[in-house]
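Here the structure comes first, spelled out in structure tokens, and everything after it is commentary.
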Number of protein chains: 2
Amino acid sequence: MSDKLDIIRHREGHEVLDYDRYLQHLISVIANRLTSYSSSQYLSQFGLGSVEMRVLASLAYKPNQKAAEVCSLISIDKAAASRAMAKLDSQNLLIGETATPKGKQKRWSLSEKGWALHQRFLDVVLDRHERVVKEIDESELVQFVGTLHKLIKNIETLDTE
Amino acid sequence: MSDKLDIIRHREGHEVLDYDRYLQHLISVIANRLTSYSSSQYLSQFGLGSVEMRVLASLAYKPNQKAAEVCSLISIDKAAASRAMAKLDSQNLLIGETATPKGKQKRWSLSEKGWALHQRFLDVVLDRHERVVKEIDESELVQFVGTLHKLIKNIETLDTE
DNA sequence: ACCAAAAAGTTGACATATCAACTTTTTGGA
DNA sequence: TCCAAAAAGTTGATATGTCAACTTTTTGGT
């Protein structure tokens, strides 16, 4: 048991959570707000939700990927990816190429239309990001991102201990 | 336009998101994993979900609160709070007291049974927290929490600009 | 005390995230 | 080449988070 950054306070004889220090709470509040706000931006501006836009962005980042590789890159469930890619494909935002002429499974990339949407998406992402990190200087952000990566590493082993 | 901690990379003539630096992505991955893992812990151990447990914990932190005050403290929607409190109350985990004998709206606190469950909840929270922050030292966590609070402040004004 | 307005709470709907079960496709050994 | 096993993908279900519409309760002015 470590006493570093104690997340327990005492109140009238009871132990209670200290919300101001409880990482999971703080992180979840931020993530929920960001996801919700982004989703409403994407839906109103592009007619697609945040899942679809994240998949699209992942295929810009790394084209010619299988569905499973998209899942791995952006930490999304294969069920969500399946539905999102079906929707993107139905709107001709993707190009799917099979390894052989008779193959069924495809590697996906963005179509022209997909790339055009991706550029508009980036504009929205950057504008929002600027507002989110406003008045936080670069060195602090670098440190912060470093800690996020450490947390992700710890979280990967959560259910194996 | 600021160039601090650029979240855009260039790849084959295209601008793409740099996932390793894109805060929203990193934060969401952590929050989703933590919420999902916590929820399964609470459901299997207590038969209640994370929404119910968060409301319970908030009434430990600050007893004798109205539903709206619970919402404000833990940043939860009043719809979710309404459903969670109905469930907690149905299991006799709460005590509700009206301001006057004929009043209808109640201020909520934990019952004996509620406090007992809260103690078990804290054990689970602390165990998980230890694993999440493993090998990250206190000064780094203090800095990290400071940045989280700055982000929360920025996020509060997201839709007003 | 009454009533209109405000606040609080409830209910239904939908987006996101995840799991489990099932189907389809691919892979690799005989 | 054939087939069993593995991998990949699809579909349905459920938990969380949020919004909007509606109902109930409280508040405050007369």
Side-chain angles (χ1 to χ4, degrees), chain A residues 24-25 27-44 46-55 65-72 74-90 96 98-108 155 158-159, chain B residues 24-25 27-44 46-55 65-72 74-90 96 98-108 155 158-159:
Chain A
Q24 174 165 345
H25 175 70
I27 290 171
S28 293
V29 166
I30 295 168
N32 290 341
R33 180 76 185 105
L34 286 176
T35 297
S36 162
Y37 182 67
S38 306
S39 176
S40 69
Q41 283 187 302
Y42 302 152
L43 285 168
S44 65
F46 309 134
L48 292 166
S50 67
V51 184
E52 287 80 19
M53 297 310 298
R54 286 172 62 199
V55 169
Q65 297 293 288
K66 301 184 213 170
E69 292 165 338
V70 169
C71 292
S72 170
I74 61 175
S75 297
I76 206 176
D77 184 81
K78 64 180 181 173
S82 173
R83 287 180 269 248
M85 296 181 67
K87 186 158 190 177
L88 292 170
D89 190 38
S90 77
T98 55
T100 65
K102 9 184 138 277
K104 302 285 177 63
Q105 292 176 1
K106 298 174 177 173
R107 287 185 169 276
W108 299 94
I155 279 168
L158 255 193
D159 49 12
Chain B
Q24 175 165 344
H25 175 70
I27 290 171
S28 293
V29 166
I30 296 168
N32 290 341
R33 180 74 185 106
L34 286 175
T35 298
S36 163
Y37 183 67
S38 306
S39 176
S40 70
Q41 283 187 302
Y42 302 153
L43 285 167
S44 65
F46 310 136
L48 292 166
S50 66
V51 185
E52 287 81 20
M53 297 310 296
R54 286 172 61 199
V55 168
Q65 298 293 290
K66 301 185 212 170
E69 293 165 338
V70 169
C71 292
S72 170
I74 61 175
S75 298
I76 206 176
D77 184 82
K78 65 181 180 172
S82 173
R83 288 182 267 248
M85 295 179 68
K87 186 157 190 178
L88 291 170
D89 190 39
S90 77
T98 55
T100 64
K102 15 186 131 271
K104 300 286 178 60
Q105 292 176 359
K106 297 173 177 175
R107 287 185 168 276
W108 298 94
I155 278 168
L158 255 194
D159 50 11

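So you know, we letter chains A, B, ... as the sequences are listed, proteins then strands, and number each from 1. Computed from a predicted model, the values in this text were never measured in an experiment.
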**OP:** Taking the side chain as every heavy atom from C-beta outward, state whether L158(A) and Y37(B) have any atom pair closer than 4.5 Å.
**Re:** yes
**OP:** Answer with yes or no whether the side chains of S38(B) and Q24(A) bring together a donor and an acceptor at under 3.5 Å.
**Re:** yes
Original post:
How about D77(A) and R83(A): do any of their side-chain heavy atoms sit closer than 4.5 Å?
Top reply: no
Show the distances under 3.5 angstrom between N or O atoms of the protein and N or O atoms of nucleotides 27-29 of chain C.
none

Original post:
Whole Å only: how far is the CZ atom of F46(B) from the C1' atom of dA15(D)?
Top reply: 17 Å
Original post:
R107(A) CZ to dT26(C) P: how many Å, rounded?
Top reply: 13 Å
Subject >> S28(A) side chain vs H25(A) backbone, donor-acceptor pair below 3.5 Å >> reply: no
Original post:
So, is S82(B) close to the dG9(C) phosphate, meaning a side-chain N or O under 4.0 Å from OP1 or OP2?
Top reply: no
Original post:
If you measure from CD1 on I30(A) to OG1 on T35(A), what distance do you get to the nearest 0.5 Å?
Top reply: 11.5 Å
Original post:
Taking CD1 from I74(B) and P from dT16(D), how many angstroms apart are they, rounded to a whole number?
Top reply: 12 Å
**OP:** Report yes if some heavy atom in the side chain of L48(A) is under 4.5 Å from a heavy atom in the side chain of L43(A); otherwise report no.
**Re:** no
Subject >> L158(B) CG to dT18(D) P, straight-line distance once rounded to whole Å >> reply: 13 Å
Original post:
Hey, does the side chain of S82(B) reach the backbone of A79(B) with a donor-acceptor pair shorter than 3.5 angstrom?
Top reply: no
So which protein nitrogen or oxygen atoms get under 3.5 Å of nucleotides 2-6 of chain C's nitrogens or oxygens?
none

Original post:
Is the side chain of R54(B) donor-acceptor paired with the backbone N or O of I74(B) at a distance under 3.5 Å, no angle test?
Top reply: yes
Subject >> 5' precedence on DNA chain D between K104(B) and A86(A) (nearest-nucleotide basis) >> reply: A86(A)
Original post:
For K106(A) and dT10(D), what is the distance between atoms NZ and P respectively, to the nearest whole Å?
Top reply: 10 Å
Original post:
Between S44(B) and Q41(B), is there a donor-acceptor pair closer than 3.5 Å when you use the side chain of the first and the backbone of the second?
Top reply: yes
Original post:
To the nearest angstrom, how far is Q105(B) atom CD from dG9(C) atom P?
Top reply: 5 Å
Original post:
Rounded to the nearest 0.5 Å, how far apart are CD1 of I155(B) and CG of N32(A)?
Top reply: 10.0 Å
Subject >> Contact state string [nucleotides 13-20 of chain C, B base, S sugar-phosphate only, - no protein heavy atom under 4.0 Å] >> reply: B-SSSBB-
Original post:
Quick one: L34(B) CG to dT16(D) P, roughly how many Å, whole number?
Top reply: 14 Å
Original post:
Does the side chain of W108(B) come within less than 4.5 Å of K66(B)'s, by heavy atoms?
Top reply: no
**OP:** Would you kindly give the NZ-to-P distance between K87(B) and dT14(D), to the nearest whole Å?
**Re:** 12 Å
